[in-house]
Amino acid sequence: MKRLIAGFLSVCVAVSLLMTGCSSGGTDNTAQTDGPVTITIWHDKEDEVAQALQTELDTLAPDIVVKLEKKDGLTDSLKMVGNDPNSAPDMYFFAHDKIGVYAEMGILAPITDFVDKSTLDQYIPMTIEAATYKGKVYQLPLYFETLLYMYNRRYMSDDEVPSTTEELYKYMQENTKGGHYGFVEQHSTAYYAAGWLHAFGGYILNENGEPGLDDENTIKALEYHKKFVELMPTEGEVFYREYAVPRRQSALHHRWSLAGSYGARERY
């Protein structure tokens, strides 16, 4: 099966640049001989994204049957099937933050088993580093992202957009009232807090896996961030999604918010 995946990857890497993982483990390495080659890929993407990928793959590899299967609980699903050749997918599209778990489980094959190491040279180094675990690269990056500062023009004019965090704090002080919030973020999650920590030279984990929560710079960042948090909602995720979002004047948010209901409902 590995040889079949390798052939398919050569198409994906050259043209589609798919983020890919391989659940080889206990699968049979002999080539499929009955009918067309079939590759099963698990994902958790939106239907529109999956359809666009399906159309492109059908065009790029017409002799290969590519089956995209959506899994709502992709992380747990991959853990449950392990490397069972009758249940596990050949590949998956997902974030890089679980490759360590899957590699330790023995259900991932290094991507360099299928592509030459020189192929990795075309990628931004930080994206390859993110897909590396214990010196082995397990995924190819499709994209990388950062959080966006979004503001609602119903409340904040273009001229009012802050250029520094102190300007943002002043805006929050002046506009957080009457059930409205000058600025909102999911401040209790590491995904959002990381930017504040890194700005001060702090960190959550370093390259050796050592925690930096007691690092002097991390503490400085959290102390500075505290005054912003005091002007944000504190009732947790449900409050954030159901109440604060419609009343926010600006927010730190994911890129995918632009295409969803937030973007349709509010003029960002």
Side-chain angles (χ1 to χ4, degrees), residues 1-24 32 35-78 81 87-99 102 107-109 111-116 119-128 130-131 137-150 191 241 245 251-268:
M1 191 60 177
K2 283 188 176 181
R3 288 199 294 272
L4 302 181
I5 296 174
F8 181 70
L9 278 173
S10 66
V11 177
C12 293
V13 171
V15 185
S16 299
L17 303 181
L18 299 179
M19 179 186 292
T20 313
C22 305
S23 62
S24 53
Q32 178 181 330
V37 173
T38 299
I39 300 293
T40 300
I41 304 176
W42 284 5
H43 69 95
D44 65 347
K45 305 304 179 187
E46 297 84 354
D47 292 342
E48 294 80 4
V49 174
Q51 184 55 57
L53 287 172
Q54 185 72 69
T55 300
E56 185 72 6
L57 290 170
D58 290 345
T59 301
L60 293 171
D63 297 330
I64 299 176
V65 177
V66 181
K67 296 172 60 177
L68 294 178
E69 295 184 5
K70 185 172 184 177
K71 299 289 182 179
D72 291 330
L74 184 53
T75 298
D76 291 335
S77 296
L78 288 168
V81 300
S87 303
D90 297 299
M91 304 179 186
Y92 71 94
F93 302 151
F94 202 50
H96 68 280
D97 51 1
K98 297 297 181 183
I99 61 172
Y102 300 147
I107 66 174
L108 281 186
I111 201 68
T112 48
D113 286 0
F114 313 107
V115 299
D116 189 271
T119 301
L120 306 181
D121 295 340
Q122 63 184 294
Y123 294 97
I124 297 174
M126 64 178 289
T127 64
I128 296 299
V137 182
Y138 286 97
Q139 290 180 317
L140 290 179
L142 174 63
Y143 60 85
F144 70 101
E145 62 185 37
T146 186
L147 293 169
L148 300 175
Y149 177 76
M150 303 165 58
Y191 187 73
R241 290 190 180 278
V245 168
L252 197 64
H253 219 303
H254 312 286
R255 57 163 180 82
W256 51 83
S257 297
L258 294 174
S261 58
Y262 302 156
R265 184 171 65 245
E266 303 179 273
R267 297 187 302 157
Y268 284 93

Any side-chain heavy atom of [X] within less than 4.5 Å of one from [Y]?
X	Y	value
T112	L120	yes
F93	L74	no
Y102	T75	yes

About how many Å separate [atom2] of [Y] and [atom1] of [X], when rounded to the nearest 0.5 Å?
X	Y	atom1	atom2	answer
Q122	L140	CD	CG	8.5 Å
F94	I99	CZ	CD1	12.5 Å
L53	D58	CG	CG	10.5 Å
L78	Y92	CG	OH	6.5 Å
H96	L142	NE2	CG	13.5 Å
L68	L57	CG	CG	6.5 Å

For a quick test of reading the model, state the closest non-hydrogen atom pair linking [X] to [Y] and the distance between them.
X	Y	answer
P141	Y123	CG-CD2, 3.3 Å
S87	V81	CB-CG1, 3.9 Å
D113	A109	OD2-CB, 4.0 Å
T55	T59	O-OG1, 3.0 Å
P36	V65	CG-CG2, 3.8 Å

Set of residues satisfying side-chain contact (heavy atoms from CB on, under 4.5 Å) with respect to [X], sequence neighbours excluded:
X	answer
E69	T40, W42, K67, K71
D116	S118, T119
K70	H43, D47, D72

- Query: Does any N or O in the side chain of Q139 come within less than 3.5 Å of the main-chain N or O of A130, such that one atom is a donor and the other an acceptor?
  - Reply: no

